[in-house]
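Accompanying notes for the structure given below.
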Amino acid sequence: MNALQPTLETNRLKSLPKAEVHLHLEGSFDADVIVQWAKLEGVALPRPAEDLFKFSGLPDFLEFLDLACGLASTTDRLVQLSYGLSQRLADSGTGYADVIFNPTHWHAWHGRFGAMLEAIDAGFTQAEQDGLPRVGLCVSLLRTQSAAAATELVDTLIAMRHPRIVALSVDGNEATAGRTGPRFAQAFRQAGAAGLRRTVHAGESSGPEGVWDAVDVLGADRIDHGVRAIEDSALVRMLADRQIPLGICPTSNLVLNVYPSIQEHPIEQLRLAGVRVSVNTDDPALLNATLVGEYALCRQAFGWTDAVTKAVARTSIEASFANEDIKATLLRALASW
Ligand code: ADE
Ligand code: ZN
């Protein structure tokens, strides 16, 4: 391969107008920041710095999130993280992002949700004022929370009506939590009735049954991951018929051992079956993923042409919870890419 080709490809994909609909604030810590903050706080790290982001799978990864987020104990640190995430979006030419933020991981802020939200919002607002992309927040429940905790969070969100918040989300490990769709049904119903959008992690640590519940029980507008829907042909047909988009994260699924190789990843089968798919980074810093890299990976593995690449980018914009002005601007730019 000509040494120039990767750079040309990277630059072209950076210029592709697109949104990102599945990434977590929890996944935006750079290793050197964690090392520095851990030293200041006197917190021991589980592994040497060079192996810090070597995860054995989702349980180990989620445990690490508690440690990393626990270090972000001040307003300045939250501002630094949210601003840094916006910078990362701009580095991939992302025009808008829905960012998931799960309060349970951030121990220093428990009981101070409002103050925490203001700090995160300040970082994103500063970023936008500096010309970085607009971000909407999807506030997330953890799969292991109770029904009461879920409705309490939703009550808070509804009372606040904060302009930064666009959706209710649920993430975490379904393999350990078991079937929890019914437990969260009321919270999701309330959120939907109040005008919040709904996005649900399913079909990553759960099989097709998790995706069915996300749609039938939680009323998901969008599924985060959803890839294991491929194991149930009736589910694939339903997702395609109802045009429910999947926010797919190929590198995350490889690093966290959902699939052994990109060749065995079902994104292309799902796309060809008529399911609306977008590509995303999930936890970009911790999993060493960039949005440009995700597009490049799929183009290389599945032979995506420019037309397919544009169609996936279009889905990312249409599936996002951006306002209509932002969507229209991005779609216009995409048409002339
Ligand atoms: N929280 C952050 N990343 C996640 C993932 N890939 N699955 C579930 N919960 C998460
Ligand atoms: Zn995720």
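Since we're looking at a predicted model, the values are computed, not measured. All ligand and atom numbering here is 1-based and tracks the order in the structure. The figures that follow rest on heavy atoms only: side chains count, while hydrogens, waters and symmetry mates do not.
The pair Arg88-Asp30 counts as a salt bridge, with a side-chain nitrogen and a carboxylate oxygen less than 4.0 angstrom apart. The residues Asp60 and Arg47 are annotated as salt-bridged, a charged nitrogen and a carboxylate oxygen being separated by less than 4.0 angstrom.
In this structure, NE2 of His22 and NE2 of His24 enclose an angle of 110° at the Zn ion (ligand 2), rounded to 10°.
Take the N/O/S atoms of Asp282: the one nearest the Zn ion (ligand 2) is OD1.
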Contact table ligand 1 N or O to protein N or O, d under 3.5 Å:
| residue | atom | partner | partner atom | Å |
| --- | --- | --- | --- | --- |
| ligand 1 | 3 (N) | His24 | NE2 | 3.4 |
| ligand 1 | 3 (N) | Asp283 | OD2 | 2.8 |
| ligand 1 | 6 (N) | Glu204 | OE2 | 2.9 |
| ligand 1 | 6 (N) | His225 | NE2 | 3.4 |
| ligand 1 | 6 (N) | Asp282 | OD2 | 2.8 |
| ligand 1 | 7 (N) | Glu204 | OE1 | 2.7 |
| ligand 1 | 7 (N) | Glu204 | OE2 | 3.4 |
| ligand 1 | 9 (N) | Gly172 | N | 3.0 |

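In this structure, the side chain of Gln145 engages the main chain of Leu142 through a donor-acceptor pair within 3.5 Å. Judged by distance alone, the side chain of His110 and the main-chain N or O of Thr104 form a donor-acceptor pair under 3.5 Å.
The side-chain heavy atoms of Val308 and Arg271, taken from C-beta on, include a pair separated by under 4.5 Å.
For an aromatic pair to be called close, the ring centres must be under 6.0 Å apart, and His24 with His201 satisfies this.
For the Zn ion (ligand 2), the N/O/S atoms of His201 include one lying under 2.8 Å.
Because its NZ or CZ atom is not both nearer than 6.0 Å to the ring centre of Phe184 and within 45° of the ring axis, Arg143 does not count as a cation-pi partner of that residue.
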